Peer 1: 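Please see the structure below; I have some questions.
Quantities reported herein were computed from a predicted structural model and do not represent experimental measurements.
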Protein chains: 2
Amino acid sequence: MTEAQARPQIETLKPPPVCGEHGEANQLVRDLLGRIGDKWSLMIIGNLAEGPLRFSAIQHAIGGISQRMLTLNLRQLERDGLITRTVYAEVPPRVEYEVTDLGRSLIVPALGLVNWAAANADQVKARRHAYDLEHGGPATP
Amino acid sequence: MTEAQARPQIETLKPPPVCGEHGEANQLVRDLLGRIGDKWSLMIIGNLAEGPLRFSAIQHAIGGISQRMLTLNLRQLERDGLITRTVYAEVPPRVEYEVTDLGRSLIVPALGLVNWAAANADQVKARRHAYDLEHGGPATP
DNA sequence: CAGCATCCTTATGGATACTG
DNA sequence: CAGTATCCATAAGGATGCTG
(Lines give C-alpha, C1' and ligand atoms only; values in the text may rest on other atoms or scores of the structure.)
Protein backbone atom coordinates (compact mmCIF):
# COMPACT_ATOMS: atom_id res chain seq x y z
CA MET A 1 0.00 0.00 0.00
CA THR A 2 2.32 2.70 -1.22
CA GLU A 3 1.16 6.17 -0.43
CA ALA A 4 2.03 8.51 -3.23
CA GLN A 5 -1.18 9.80 -4.72
CA ALA A 6 -3.26 11.59 -2.17
CA ARG A 7 -6.86 11.38 -3.36
CA PRO A 8 -7.18 11.11 -7.07
CA GLN A 9 -10.36 9.16 -7.49
CA ILE A 10 -12.47 10.67 -4.78
CA GLU A 11 -13.36 14.01 -6.23
CA THR A 12 -13.81 12.59 -9.68
CA LEU A 13 -16.33 9.99 -8.62
CA LYS A 14 -18.39 11.88 -6.15
CA PRO A 15 -19.02 15.58 -6.17
CA PRO A 16 -19.79 16.95 -2.71
CA PRO A 17 -23.40 15.90 -2.28
CA VAL A 18 -25.18 17.05 0.80
CA CYS A 19 -22.33 16.90 3.21
CA GLY A 20 -21.76 20.59 3.11
CA GLU A 21 -25.29 21.89 3.27
CA HIS A 22 -25.84 22.87 6.83
CA GLY A 23 -29.21 22.02 8.22
CA GLU A 24 -31.69 22.56 5.41
CA ALA A 25 -32.95 19.43 3.73
CA ASN A 26 -29.84 17.98 5.30
CA GLN A 27 -31.92 17.45 8.39
CA LEU A 28 -33.95 14.85 6.57
CA VAL A 29 -30.84 13.17 5.24
CA ARG A 30 -29.34 13.01 8.68
CA ASP A 31 -32.50 11.48 9.99
CA LEU A 32 -32.43 8.89 7.25
CA LEU A 33 -28.78 8.15 7.83
CA GLY A 34 -29.45 7.64 11.49
CA ARG A 35 -32.08 5.12 10.55
CA ILE A 36 -30.62 3.20 7.62
CA GLY A 37 -27.10 3.76 8.85
CA ASP A 38 -28.21 1.87 11.89
CA LYS A 39 -26.34 -1.28 12.77
CA TRP A 40 -29.25 -3.68 12.45
CA SER A 41 -30.96 -2.11 9.46
CA LEU A 42 -27.86 -2.53 7.36
CA MET A 43 -27.57 -6.16 8.39
CA ILE A 44 -31.22 -6.83 7.68
CA ILE A 45 -31.11 -5.25 4.26
CA GLY A 46 -27.92 -7.15 3.57
CA ASN A 47 -29.49 -10.46 4.45
CA LEU A 48 -32.62 -9.72 2.48
CA ALA A 49 -30.49 -9.10 -0.57
CA GLU A 50 -30.50 -12.76 -1.50
CA GLY A 51 -34.24 -13.17 -1.27
CA PRO A 52 -37.23 -13.03 1.04
CA LEU A 53 -36.76 -14.38 4.54
CA ARG A 54 -39.04 -15.11 7.42
CA PHE A 55 -38.74 -13.56 10.83
CA SER A 56 -36.88 -16.38 12.51
CA ALA A 57 -34.56 -16.79 9.55
CA ILE A 58 -33.46 -13.18 9.78
CA GLN A 59 -33.00 -13.44 13.49
CA HIS A 60 -30.90 -16.56 13.12
CA ALA A 61 -28.91 -15.14 10.23
CA ILE A 62 -27.96 -11.99 12.07
CA GLY A 63 -27.36 -13.78 15.32
CA GLY A 64 -27.28 -11.55 18.33
CA ILE A 65 -30.31 -9.36 17.74
CA SER A 66 -33.11 -9.69 20.22
CA GLN A 67 -36.62 -10.46 19.09
CA ARG A 68 -37.74 -7.07 20.20
CA MET A 69 -35.08 -5.19 18.28
CA LEU A 70 -35.69 -7.22 15.16
CA THR A 71 -39.39 -6.49 15.33
CA LEU A 72 -38.84 -2.79 15.83
CA ASN A 73 -36.31 -2.57 13.04
CA LEU A 74 -38.46 -4.53 10.60
CA ARG A 75 -41.42 -2.29 11.37
CA GLN A 76 -39.30 0.76 10.77
CA LEU A 77 -37.96 -0.54 7.49
CA GLU A 78 -41.48 -1.40 6.42
CA ARG A 79 -42.69 2.06 7.34
CA ASP A 80 -39.93 3.61 5.27
CA GLY A 81 -41.00 1.52 2.29
CA LEU A 82 -37.77 -0.46 2.15
CA ILE A 83 -39.23 -3.88 2.84
CA THR A 84 -42.62 -5.55 2.61
CA ARG A 85 -44.19 -7.75 5.23
CA THR A 86 -46.32 -10.63 4.01
CA VAL A 87 -48.36 -12.65 6.46
CA TYR A 88 -49.45 -16.11 5.39
CA ALA A 89 -52.55 -17.10 7.31
CA GLU A 90 -51.41 -20.65 7.92
CA VAL A 91 -51.65 -22.63 11.08
CA PRO A 92 -48.03 -22.15 12.02
CA PRO A 93 -47.98 -18.45 11.26
CA ARG A 94 -45.46 -17.59 8.60
CA VAL A 95 -44.33 -14.06 7.90
CA GLU A 96 -41.94 -13.22 5.13
CA TYR A 97 -39.98 -10.07 4.59
CA GLU A 98 -38.71 -8.91 1.25
CA VAL A 99 -37.02 -5.81 -0.04
CA THR A 100 -39.03 -3.43 -2.16
CA ASP A 101 -37.62 -1.72 -5.23
CA LEU A 102 -36.68 1.19 -3.07
CA GLY A 103 -35.07 -1.15 -0.59
CA ARG A 104 -33.28 -2.96 -3.36
CA SER A 105 -31.65 0.28 -4.43
CA LEU A 106 -30.21 0.49 -0.95
CA ILE A 107 -28.69 -2.97 -1.07
CA VAL A 108 -25.62 -2.04 -3.05
CA PRO A 109 -24.50 0.88 -0.86
CA ALA A 110 -25.51 -1.04 2.24
CA LEU A 111 -23.48 -4.07 1.28
CA GLY A 112 -20.66 -1.75 0.38
CA LEU A 113 -20.48 -0.62 3.96
CA VAL A 114 -21.06 -4.07 5.40
CA ASN A 115 -18.32 -5.51 3.23
CA TRP A 116 -15.97 -2.72 4.16
CA ALA A 117 -16.59 -3.48 7.81
CA ALA A 118 -15.94 -7.16 7.23
CA ALA A 119 -12.79 -6.51 5.24
CA ASN A 120 -11.25 -3.97 7.61
CA ALA A 121 -12.47 -5.20 10.94
CA ASP A 122 -9.17 -6.61 12.13
CA GLN A 123 -7.21 -3.64 10.88
CA VAL A 124 -9.44 -1.30 12.82
CA LYS A 125 -9.12 -3.59 15.79
CA ALA A 126 -5.35 -3.35 15.61
CA ARG A 127 -5.45 0.42 15.24
CA ARG A 128 -7.76 0.65 18.18
CA HIS A 129 -5.48 -1.46 20.29
CA ALA A 130 -2.45 0.62 19.37
CA TYR A 131 -4.31 3.79 20.22
CA ASP A 132 -5.32 2.40 23.58
CA LEU A 133 -1.73 1.51 24.38
CA GLU A 134 -0.20 4.87 23.67
CA HIS A 135 -2.96 6.65 25.50
CA GLY A 136 -4.05 5.75 28.96
CA GLY A 137 -4.90 2.13 28.21
CA PRO A 138 -8.12 0.47 27.13
CA ALA A 139 -9.90 1.16 30.39
CA THR A 140 -8.28 3.68 32.68
CA PRO A 141 -9.57 3.23 36.21
CA MET B 1 -42.57 -13.24 -8.64
CA THR B 2 -40.61 -16.45 -8.24
CA GLU B 3 -36.99 -16.61 -7.38
CA ALA B 4 -35.99 -17.53 -10.91
CA GLN B 5 -35.50 -14.01 -12.20
CA ALA B 6 -36.28 -11.98 -9.16
CA ARG B 7 -32.94 -10.34 -8.45
CA PRO B 8 -30.56 -10.24 -11.36
CA GLN B 9 -27.73 -7.94 -10.48
CA ILE B 10 -27.37 -8.48 -6.79
CA GLU B 11 -25.76 -11.87 -6.56
CA THR B 12 -23.44 -11.16 -9.45
CA LEU B 13 -21.93 -8.14 -7.81
CA LYS B 14 -21.78 -9.21 -4.22
CA PRO B 15 -21.61 -12.75 -2.89
CA PRO B 16 -23.13 -13.09 0.57
CA PRO B 17 -20.35 -11.70 2.73
CA VAL B 18 -20.73 -11.92 6.45
CA CYS B 19 -24.41 -11.39 6.69
CA GLY B 20 -25.15 -15.02 7.24
CA GLU B 21 -22.46 -15.94 9.74
CA HIS B 22 -24.14 -15.90 13.06
CA GLY B 23 -22.10 -14.47 15.83
CA GLU B 24 -18.53 -15.54 15.17
CA ALA B 25 -16.29 -12.85 13.78
CA ASN B 26 -19.58 -11.30 12.87
CA GLN B 27 -19.60 -9.82 16.33
CA LEU B 28 -16.68 -7.61 15.40
CA VAL B 29 -18.29 -6.60 12.14
CA ARG B 30 -21.48 -5.68 13.92
CA ASP B 31 -19.52 -3.61 16.36
CA LEU B 32 -17.79 -1.82 13.53
CA LEU B 33 -21.04 -1.25 11.69
CA GLY B 34 -22.54 0.23 14.78
CA ARG B 35 -19.66 2.64 14.90
CA ILE B 36 -18.95 3.61 11.29
CA GLY B 37 -22.56 3.07 10.31
CA ASP B 38 -23.27 5.77 12.82
CA LYS B 39 -25.05 8.86 11.62
CA TRP B 40 -22.33 11.33 12.44
CA SER B 41 -19.34 9.21 11.50
CA LEU B 42 -20.63 8.83 7.98
CA MET B 43 -21.16 12.55 7.68
CA ILE B 44 -17.72 13.32 9.06
CA ILE B 45 -15.98 10.91 6.73
CA GLY B 46 -18.03 12.30 3.89
CA ASN B 47 -16.97 15.84 4.63
CA LEU B 48 -13.35 14.89 5.07
CA ALA B 49 -13.37 13.33 1.62
CA GLU B 50 -12.49 16.60 -0.03
CA GLY B 51 -9.56 17.35 2.19
CA PRO B 52 -8.49 18.09 5.75
CA LEU B 53 -10.78 20.25 7.82
CA ARG B 54 -10.55 21.89 11.20
CA PHE B 55 -12.88 21.25 14.07
CA SER B 56 -15.13 24.22 13.58
CA ALA B 57 -15.27 23.67 9.84
CA ILE B 58 -16.59 20.16 10.32
CA GLN B 59 -19.09 21.32 12.87
CA HIS B 60 -20.30 24.05 10.58
CA ALA B 61 -20.39 21.77 7.56
CA ILE B 62 -22.49 19.15 9.25
CA GLY B 63 -24.69 21.64 10.98
CA GLY B 64 -26.67 20.26 13.85
CA ILE B 65 -24.06 18.27 15.70
CA SER B 66 -23.18 19.44 19.16
CA GLN B 67 -19.61 20.17 20.11
CA ARG B 68 -19.61 17.28 22.49
CA MET B 69 -20.82 14.77 19.93
CA LEU B 70 -18.36 15.99 17.33
CA THR B 71 -15.50 15.67 19.78
CA LEU B 72 -16.51 12.17 20.82
CA ASN B 73 -17.00 11.03 17.26
CA LEU B 74 -13.70 12.47 16.08
CA ARG B 75 -11.91 10.78 18.95
CA GLN B 76 -13.53 7.51 18.05
CA LEU B 77 -12.63 7.80 14.41
CA GLU B 78 -9.09 8.65 15.39
CA ARG B 79 -8.91 5.66 17.68
CA ASP B 80 -10.09 3.41 14.89
CA GLY B 81 -7.35 4.72 12.65
CA LEU B 82 -9.72 6.33 10.18
CA ILE B 83 -8.64 9.92 10.67
CA THR B 84 -5.63 11.77 12.01
CA ARG B 85 -5.67 14.68 14.36
CA THR B 86 -3.03 17.34 13.90
CA VAL B 87 -2.60 20.10 16.43
CA TYR B 88 -0.81 23.25 15.32
CA ALA B 89 0.70 24.95 18.31
CA GLU B 90 -0.29 28.41 17.22
CA VAL B 91 -1.74 31.14 19.31
CA PRO B 92 -5.26 30.64 18.11
CA PRO B 93 -5.18 26.88 18.44
CA ARG B 94 -5.80 25.14 15.15
CA VAL B 95 -6.60 21.47 14.88
CA GLU B 96 -7.01 19.74 11.58
CA TYR B 97 -8.55 16.40 10.86
CA GLU B 98 -7.74 14.31 7.83
CA VAL B 99 -8.64 10.86 6.67
CA THR B 100 -5.97 8.17 6.78
CA ASP B 101 -5.49 5.60 4.03
CA LEU B 102 -7.76 3.30 5.93
CA GLY B 103 -10.31 6.05 6.33
CA ARG B 104 -10.01 6.93 2.66
CA SER B 105 -11.00 3.42 1.75
CA LEU B 106 -14.19 3.99 3.67
CA ILE B 107 -15.07 7.16 1.82
CA VAL B 108 -16.54 5.51 -1.24
CA PRO B 109 -18.94 3.17 0.59
CA ALA B 110 -19.74 5.89 3.09
CA LEU B 111 -20.58 8.42 0.39
CA GLY B 112 -22.56 5.71 -1.30
CA LEU B 113 -24.84 5.53 1.66
CA VAL B 114 -24.93 9.27 2.22
CA ASN B 115 -25.79 9.87 -1.40
CA TRP B 116 -28.47 7.22 -1.31
CA ALA B 117 -30.00 8.94 1.68
CA ALA B 118 -29.91 12.28 -0.09
CA ALA B 119 -31.37 10.87 -3.28
CA ASN B 120 -34.18 8.91 -1.66
CA ALA B 121 -35.02 11.06 1.30
CA ASP B 122 -38.26 12.45 -0.03
CA GLN B 123 -39.38 9.10 -1.35
CA VAL B 124 -38.88 7.54 2.05
CA LYS B 125 -40.66 10.49 3.58
CA ALA B 126 -43.64 9.89 1.31
CA ARG B 127 -43.65 6.18 2.07
CA ARG B 128 -43.49 6.90 5.76
CA HIS B 129 -46.39 9.30 5.53
CA ALA B 130 -48.50 6.79 3.61
CA TYR B 131 -47.74 4.12 6.18
CA ASP B 132 -48.74 6.41 9.00
CA LEU B 133 -52.03 7.17 7.33
CA GLU B 134 -53.15 3.62 6.76
CA HIS B 135 -52.12 2.61 10.21
CA GLY B 136 -53.23 4.45 13.31
CA GLY B 137 -51.74 7.78 12.31
CA PRO B 138 -48.33 9.32 12.97
CA ALA B 139 -48.82 9.44 16.70
CA THR B 140 -51.39 7.04 18.11
CA PRO B 141 -52.49 8.12 21.58
C1' DC C 1 -10.50 27.79 18.94
C1' DA C 2 -10.89 23.47 20.53
C1' DG C 3 -12.03 20.62 24.14
C1' DC C 4 -13.04 18.73 28.72
C1' DA C 5 -16.28 18.13 32.73
C1' DT C 6 -20.70 17.96 34.68
C1' DC C 7 -25.59 17.52 34.86
C1' DC C 8 -29.66 15.88 33.08
C1' DT C 9 -33.11 14.05 29.69
C1' DT C 10 -34.27 10.79 26.38
C1' DA C 11 -33.50 6.92 23.47
C1' DT C 12 -31.77 2.28 22.96
C1' DG C 13 -31.91 -2.27 23.86
C1' DG C 14 -32.00 -6.66 26.69
C1' DA C 15 -34.88 -10.05 29.58
C1' DT C 16 -39.05 -11.92 30.50
C1' DA C 17 -43.82 -13.21 30.25
C1' DC C 18 -47.94 -13.56 27.67
C1' DT C 19 -51.00 -14.06 23.12
C1' DG C 20 -53.14 -15.25 18.36
C1' DC D 1 -44.07 -18.87 14.83
C1' DA D 2 -44.26 -14.25 15.27
C1' DG D 3 -45.19 -11.19 17.61
C1' DT D 4 -46.92 -7.69 21.81
C1' DA D 5 -46.28 -5.73 26.40
C1' DT D 6 -43.75 -4.55 30.43
C1' DC D 7 -39.88 -3.62 33.22
C1' DC D 8 -35.40 -2.05 33.73
C1' DA D 9 -30.40 -0.94 32.81
C1' DT D 10 -27.45 1.59 30.23
C1' DA D 11 -25.95 4.49 26.46
C1' DA D 12 -26.65 8.46 23.55
C1' DG D 13 -26.90 13.06 23.35
C1' DG D 14 -27.98 18.14 24.49
C1' DA D 15 -26.91 22.37 27.55
C1' DT D 16 -23.90 24.84 30.15
C1' DG D 17 -19.72 26.46 32.27
C1' DC D 18 -14.76 26.35 32.52
C1' DT D 19 -9.77 25.85 30.56
C1' DG D 20 -5.16 26.13 27.68
Side-chain angles (χ1 to χ4, degrees), chain A residues 22-23 27 30-44 47-48 52-79 83-98 131 135-136 139-141, chain B residues 22-23 27 30-44 47-48 52-80 83-98 135-136 139-141:
Chain A
H22 26 285
Q27 165 62 33
R30 260 185 284 123
D31 174 63
L32 241 192
L33 273 181
R35 189 141 295 140
I36 62 168
D38 164 81
K39 174 173 39 175
W40 301 124
S41 298
L42 283 177
M43 298 282 287
I44 294 173
N47 275 280
L48 255 35
L53 288 177
R54 37 200 301 184
F55 188 89
S56 53
I58 301 177
Q59 186 173 27
H60 182 250
I62 291 185
I65 188 173
S66 66
Q67 184 199 44
R68 185 183 127 95
M69 276 303 101
L70 183 53
T71 301
L72 289 178
N73 273 278
L74 287 172
R75 281 293 192 274
Q76 191 53 67
L77 291 173
E78 187 196 1
R79 189 172 97 108
I83 64 175
T84 56
R85 176 175 178 269
T86 310
V87 185
Y88 297 91
E90 304 168 355
V91 53
R94 182 166 56 104
V95 180
E96 284 196 345
Y97 294 90
E98 185 173 15
Y131 182 96
H135 295 69
T140 13
Chain B
H22 26 286
Q27 166 61 34
R30 259 185 285 122
D31 175 62
L32 240 193
L33 273 182
R35 190 140 295 140
I36 62 166
D38 164 80
K39 175 174 36 176
W40 301 124
S41 298
L42 283 177
M43 297 282 287
I44 294 172
N47 275 280
L48 255 35
L53 288 178
R54 37 200 302 184
F55 188 90
S56 53
I58 301 176
Q59 186 173 27
H60 182 249
I62 291 185
I65 188 173
S66 65
Q67 182 201 47
R68 184 183 128 94
M69 277 302 99
L70 183 54
T71 302
L72 290 177
N73 273 278
L74 287 173
R75 280 292 194 272
Q76 191 52 68
L77 290 173
E78 188 195 2
R79 189 173 97 109
D80 288 352
I83 63 174
T84 57
R85 176 175 178 271
T86 311
V87 184
Y88 297 91
E90 304 169 355
V91 55
R94 180 166 57 105
V95 180
E96 283 197 344
Y97 294 90
E98 185 173 14
H135 295 69
T140 13

Peer 1: To the nearest 0.5 Å, how far apart are CD1 in A:Ile83 and OG in A:Ser41?
Peer 2: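 Reported to 0.5 Å precision, the distance equals 9.0 Å.
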Peer 1: Are B:Asp80 and B:Gln76 close enough, and set up right, to give a side chain to side chain contact (heavy atoms under 4.5 Å, CB included), and what steps lead you there?
Peer 2: CA-CA 6 Å; B:Asp80 288 352; B:Gln76 191 52 68; 3.3 Å; yes
Peer 1: Classify the side chain of B:Gln67 versus the base of C:dC4 as yes if they form a donor-acceptor pair under 3.5 Å and no if they do not.
Peer 2: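 Yes.
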Peer 1: State the CD1-CE distance between A:Ile44 and A:Met69, to the nearest 0.5 angstrom.
Peer 2: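 So the gap between those two atoms works out to 10.5 Å.
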Peer 1: Using Watson-Crick and G-U wobble pairs with both distances under 3.5 Å, what is the 5'-to-3' dot-bracket string of DNA chain C, with [ ] for crossing pairs and | for pairs outside the strand?
Peer 2: ||||||||||||||||||||
Peer 1: How is A:Tyr88 classified with respect to the nucleic acid when contacts are heavy atoms under 4.0 Å: base, sugar-phosphate, or nothing?
Peer 2: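 Answer is nothing: A:Tyr88 stays at 4.0 Å or more from every strand.
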Peer 1: Between C:dC1 atom P and B:Gln59 atom CD, what is the distance in whole Å?
Peer 2: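 It is 11 Å, rounded to the nearest whole Å.
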Peer 1: Please report the closest heavy-atom contact between B:Ile58 and B:Leu48, naming both atoms and the distance.
Peer 2: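 Shortest heavy-atom separation between B:Ile58 and B:Leu48 comes out as CD1-CD1, 3.9 Å.
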Peer 1: If you only use heavy atoms from C-beta on, which nucleotide in C:dG3, C:dG14, D:dG3 is closest to the side chain of A:Trp40?
Peer 2: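 The listed nucleotide nearest to A:Trp40's side chain is C:dG14.
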Peer 1: Roughly, in whole Å, what's the span from CZ in B:Phe55 to C1' in D:dG20?
Peer 2: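 B:Phe55 atom CZ is separated from D:dG20 atom C1' by 15 Å.
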Peer 1: How many Å lie between CZ on A:Arg35 and P on C:dG13, as a whole number?
Peer 2: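 Whole-Å distance recorded here is 12 Å.
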Peer 1: What is the distance from CG of A:Leu70 to P of C:dT12, rounded to the nearest Å?
Peer 2: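 Taking CG of A:Leu70 and P of C:dT12, I get 16 Å after rounding.
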Peer 1: Specify the residue among A:Arg68 and A:Arg94 whose closest nucleotide of DNA chain D lies further upstream toward the 5′ end.
Peer 2: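 Whichever sits nearer the 5' end wins; that is A:Arg94.
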Peer 1: Take the protein atom CD1 of A:Ile44 and the nucleotide atom C1' of C:dG13, then report the distance between them rounded to whole Å.
Peer 2: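 In whole Å, C:dG13 C1' lies 14 Å from A:Ile44 CD1.
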Peer 1: Using a cut-off of 4.0 Å on non-hydrogen atoms, how would the nucleic acid contact of B:Pro93 be classed: base, sugar-phosphate, or nothing?
Peer 2: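 Here B:Pro93 touches the bases of the nucleic acid.
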Peer 1: C:dG3 phosphate, OP1 or OP2: any side-chain N/O from B:Tyr97 under 4.0 angstrom?
Peer 2: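 Checking B:Tyr97 against C:dG3: at least one side-chain N or O falls below 4.0 Å of OP1 or OP2.
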Peer 1: Just the rounded figure in Å: distance from P of C:dC1 to CG of B:Leu74.
Peer 2: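 The answer, rounded to whole Å, is 17 Å.
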Peer 1: May I ask you to decide if A:Tyr131's main-chain N or O and A:His135's side chain share a donor-acceptor pair within less than 3.5 Å?
Peer 2: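 Side chain of A:His135 to backbone of A:Tyr131, a donor-acceptor pair under 3.5 Å: yes, one is there.
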Peer 1: Looking at D:dA2, I'd like to know if its phosphate oxygens (OP1 or OP2) sit under 4.0 Å from a side-chain N or O belonging to A:Ser56.
Peer 2: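 Affirmative; the distance criterion is met.
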Peer 1: A:Leu72 has an atom CG; how far is it from atom C1' of C:dA11, in whole Å?
Peer 2: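 Atom-to-atom, A:Leu72 to C:dA11, this comes out as 12 Å.
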Peer 1: When rounded to the nearest 0.5 angstrom, what distance separates CG in A:Asn47 from CG in A:Leu42?
Peer 2: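 If I round to the nearest 0.5 Å, the distance is 11.0 Å.
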Peer 1: To the nearest Å, how far apart are B:Arg85 CZ and C:dA2 P?
Peer 2: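 One finds 10 Å between P of C:dA2 and CZ of B:Arg85, rounded.
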Peer 1: Closest approach to the side chain of A:Met69, judged atom by atom: which nucleotide of C:dG14, C:dG3, D:dA2 is it?
Peer 2: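 The closest nucleotide is C:dG14.
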Peer 1: Have a look at A:Arg68 and tell me which of A:Ile65, A:Leu72, A:Leu70 forms a side chain to side chain contact (heavy atoms under 4.5 Å, CB included) with it.
Peer 2: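 Going through A:Ile65, A:Leu72, A:Leu70 one by one, the side chain to side chain contact (heavy atoms under 4.5 Å, CB included) with A:Arg68 is satisfied by A:Leu72 alone.
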Peer 1: As a test of reading the structure: which of C:dC4, D:dG14, C:dG13 is closest to the side chain of B:Ser66, going by heavy atoms?
Peer 2: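 Among the listed nucleotides, the one closest to the side chain of B:Ser66 is D:dG14.
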